[in-house]
Structures are given as structure tokens and as C-alpha cells.
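Report on the following structure.
Quantities reported herein were computed from a predicted structural model and do not represent experimental measurements. Quick note: numbers below take in every heavy atom, side chains included, and nothing from hydrogens, waters or symmetry partners. Whatever order the structure lists ligands and atoms in, that order sets their numbers, starting from 1.
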Amino acid sequence: MSAKLIKGTEIREAILEEITSKVTQIKKKHGVVPGLVTILVGENPASISYVTLKIKTAHRVGFEEIQDTQPIDISEADLLALIDKYNKDERINGILVQLPLPKHINEKKVLNAIDPDKDVDGFHPVNVGRLMIGGDEIKFPPCTPAGIQEMIVRAGVETKGAEVVVVGRSNIVGKPIANMMLQKGVGANSTVTIVHTGTKNLDEHCKRADILIVAAGVPNLVKPEWIKPGACVIDVGVNRVGEKISEKTGKKIAVLKGDVDFEAAKDIAGYITPVPGGVGPMTITMLMLNTLKSLQFKLNIVE
Ligand code: GUN
């Protein structure tokens with residue numbers, strides 16, 4: 001293995017420590033802590049485990065945290081009323097509605113009902129627009145792209161003038177990370193190409209990348225010969241390809257594979273993120289950072 005591993009698990013610990021210390025300072029000076037509510041509709045096991053981890057992490061960094069679980073048959077009107085209640089709640093700085101929502105609820109309508117100043121997921125059109133404008137306009141970058149950029153910066157990878165190729169065009173990862181990497185500023189200023197299922201010669205584009213960000217949701221899509229020697233490879237894919245018994249707990253757990261053939265790629269890339277333990281842990285970490293920032297904006301704390 002010649003590539004340097006960029007471990008989300010390690011970077012997470014450093015950032016959570018930084019957040020905890022800032023929360024302590026704010027509490028001392030202003031007598032308040034950030035408040036995060038996660039709204040979960042129904043009992044989707046993956047959603048329950050994500051929300052549980054978000055709440056646990058919020059608790060760890062000293063936030064006030066509320067987990068609001070609603071029945072699967074809650075009406076859209078009742079869910080909108082609940083969001084309105086938290087929009088008006090002074091203790092709450094961040095509102096997160098766990099996705100996906102049941103079919104009878106219009107997801108877009110729900111996300112658009114969240115106060116953009118409490119939209120710590122960064123999914124509201126106002127925050128998407130702010131991200132597009134860039135610079136001081138940005139309030140809440142979406143968490144996975146923010147985590148990716150943070151990993152690239154903390155690994156010391158040069159982004160200015162770099163060829164960045166993003167595989168995937170989702171609203172949650174592909175489009176926002178491409179937008180962030182082309183802005184002027186630290187950890188950006190790159191030349192960006194987005195490729196997707198409609199792109200011809202996908203491999204040719206990938207081979208040009210100094211930084212290759214893959215969020216396609218296809219296990220082992222990126223082959224080792226698509227990687228430029230020394231490139232920084234960020235694998236956002238979390239694909240469940242089977243099950244195994246955990247050595248630690250003895251329980252059945254999912255076998256996860258990324259979108260990149262890690263075993264082969266690690267001998268060609270200069271930097272690479274593992275799956276699991278790479279981008280995954282960064283998403284919740286950046287959610288905590290956005291929630292802290294939300295309170296800092298409210299208190300006019302400039303860093
Ligand atoms: N479901 C899967 N990922 C996410 C996320 O980042 N935010 C929300 N709200 N729901 C999700």
C-alpha cells in the first residue's frame with residue numbers, strides 16, 4: 001500500500017473535541033448551548049440507527065438534544081405543524097428531518113418548511129442558493145460535502161488549480177461538492193468536472209483527476225486503471241454487499257463496499273479514504289459543526 005489513508009474516524013475525533021471546547025466557552029459566556037432536534041417518522045432501521053448516532057454525538061459535544069419520533073402515518077399537515085413549532089422554539093438552533101419520509105408526505109414541502117436559519121442539513125433552497133453564490137453567503141454547507149472538503153484540507157492535499165472529477169450528480173453530494181470545489185477560497189479553487197451515468201468515456205475523465213470524488217452508489221465502479229498515480233481518491237460509496245458476524249459483538253453486521261476498488265486503488269493513489277471509516281463518520285461531525293455555527297450566527301460570534 002503506497003497511498004496515505006485519510007481516516008474520517010480520526011478527523012472526527014479532532015473536530016468533535018474542537019466543538020466541545022467551543023460549546024463550553026459559549027455556555028460560560030452566554031449561558032446557552034446549541035440545541036438540535038432530529039425528527040424521525042416511522043421505524044426504518046437504518047434511519048433509527050442514523051438518528052440514534054446523531055443524538056448520541058450531539059449529547060457528547062454538550063448540545064441540548066431532542067429526538068422527536070413520530071408514527072409512520074403522521075399526516076403531512078401535522079408534520080408541517082411540528083416543524084413550525086421547532087422553527088419558533090428559541091432553544092432549538094438546528095432542525096433535522098431524517099430522510100426518506102413515507103410516500104404520503106411530500107419531502108420537498110417538508111424540507112422547505114424548515115427555517116433556513118435552522119436548516120443544519122443545508123437542504124433548503126435558500127441554503128442551496130447561498131452555497132452556489134459562495135463566500136460569506138454560505139451558512140450551512142450540506143454535511144457530506146463539507147466533510148469531504150474538510151478531509152481534503154486536513155490531509156494537506158493541494159486543491160488550487162487541481163483537476164477535480166466528481167462521479168455522481170445527486171443534490172446531497174455530487175452537485176454541492178462540485179460547486180464547493182470551484183469556489184474561490186481555502187480547500188477549493190479547483191477545475192471541476194462532473195460525470196454521471198450519461199457521460200461517455202467515464203474512465204477517461206477519471207484518469208485526469210488529481211482529486212477523484214466518487215459518489216455513484218455502485219460497488220467497485222472505479223477500477224485501478226482509472227486512477228492517476230498519486231491522485232487523492234475520496235470514496236463516498238457505502239454499498240451493502242452482504243452480511244457477516246462481527247468479531248467484536250458476535251452480532252450480524254452488513255459488509256460494506258465503496259464505489260472504488262480499494263484493494264487495487266491503494267497502491268496507485270497518493271491518498272485514499274477507506275470504507276467504512278472514511279467519509280461516513282464526517283457527515284454527522286459536520287452536522288454538529290453546522291448546529292454550533294447556527295448558534296454562533298444567532299449570538300453574532302465571529303471566528
Ligand atoms: N438520510 C440519509 N442521509 C441523510 C442526511 O444527511 N440528512 C437527512 N436529513 N436525512 C438523511
Side-chain angles (χ1 to χ4, degrees), residues 8 12 15 34-58 63 65-70 72 74 76 79-80 82-83 86-87 92-103 105-128 131 139-151 168-177 179-180 213 215-217 234-240 254 256 258-259 275-276 278-294:
R12 168 185 63 194
I15 297 175
L36 174 69
V37 60
T38 56
I39 301 173
L40 172 66
V41 178
E43 292 172 2
N44 176 321
S47 293
I48 292 174
S49 80
Y50 281 133
V51 164
T52 306
L53 198 53
K54 287 170 187 176
I55 286 296
K56 218 170 116 186
T57 311
F63 292 179
E65 84 288 356
I66 299 173
Q67 181 169 343
D68 192 327
T69 303
Q70 295 293 327
I72 186 110
I74 185 175
E76 187 178 281
L79 185 57
L80 291 172
L82 189 68
I83 290 169
Y86 289 119
N87 279 342
I92 297 299
N93 307 105
I95 302 171
L96 180 137
V97 178
Q98 186 65 28
L99 303 176
L101 288 169
K103 294 257 177 312
I105 295 176
N106 182 332
E107 210 161 89
K108 222 194 265 181
K109 212 164 156 184
V110 168
L111 294 179
N112 292 2
I114 298 172
D115 179 348
D117 289 342
K118 297 189 178 188
D119 169 40
V120 285
D121 252 333
F123 293 165
H124 191 286
V126 166
N127 285 315
V128 175
L131 189 80
K139 275 203 127 166
F140 304 118
C143 302
T144 303
I148 293 169
Q149 194 176 37
E150 193 68 32
M151 294 177 99
R169 55 178 155 181
S170 70
N171 287 329
I172 293 182
V173 184
K175 283 190 225 167
I177 189 62
N179 183 28
M180 289 161 80
I213 300 170
I234 307 288
D235 189 350
V236 191
V238 184
N239 305 293
R240 286 166 190 254
L256 302 177
D259 290 352
V275 176
V279 175
M282 294 301 291
T283 301
I284 292 179
T285 306
M286 301 319 276
L287 175 71
M288 300 304 134
L289 197 58
N290 276 350
T291 308
L292 168 67
K293 281 204 298 198
S294 179

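Remark: distances from the non-hydrogen atoms of Y50 to ligand 1 are all 4.0 Å or more.
Residues D68 and Y86 bring a donor and an acceptor atom of their side chains to less than 3.5 Å of each other.
Below 4.0 Å from some heavy atom of L96 lie the following atoms of ligand 1, by number and element: 9 (N).
Considering backbone and side-chain atoms together, V97 places an N or O closer than 3.5 Å to an N or O of ligand 1.
The two atoms that bring E107 and L101 nearest to each other are OE2-N, 3.1 Å, heavy atoms only. Contact record, I92 with I66: CD1-CD1, 3.8 Å, taken as the closest heavy-atom pair.
Nearest protein heavy-atom contact of atom 5 (C) of ligand 1 is D121 OD1, 4.0 Å. Among protein heavy atoms, atom 2 (C) of ligand 1 sits closest to Q98 NE2, 3.9 Å. At the top of the distance list for atom 1 (N) of ligand 1, counting protein heavy atoms only, stands L99 O, 2.9 Å.
Within the 4.5 Å cutoff, side-chain heavy atoms of V173 are placed close to those of I148.
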Checklist entry - Would Q98 and K54 satisfy side-chain hydrogen bond (donor to acceptor under 3.5 Å, both in side chains), going step by step from the backbone distance to the final call? => result CA-CA 10 Å; Q98 186 65 28; K54 287 170 187 176; 2.7 Å; yes
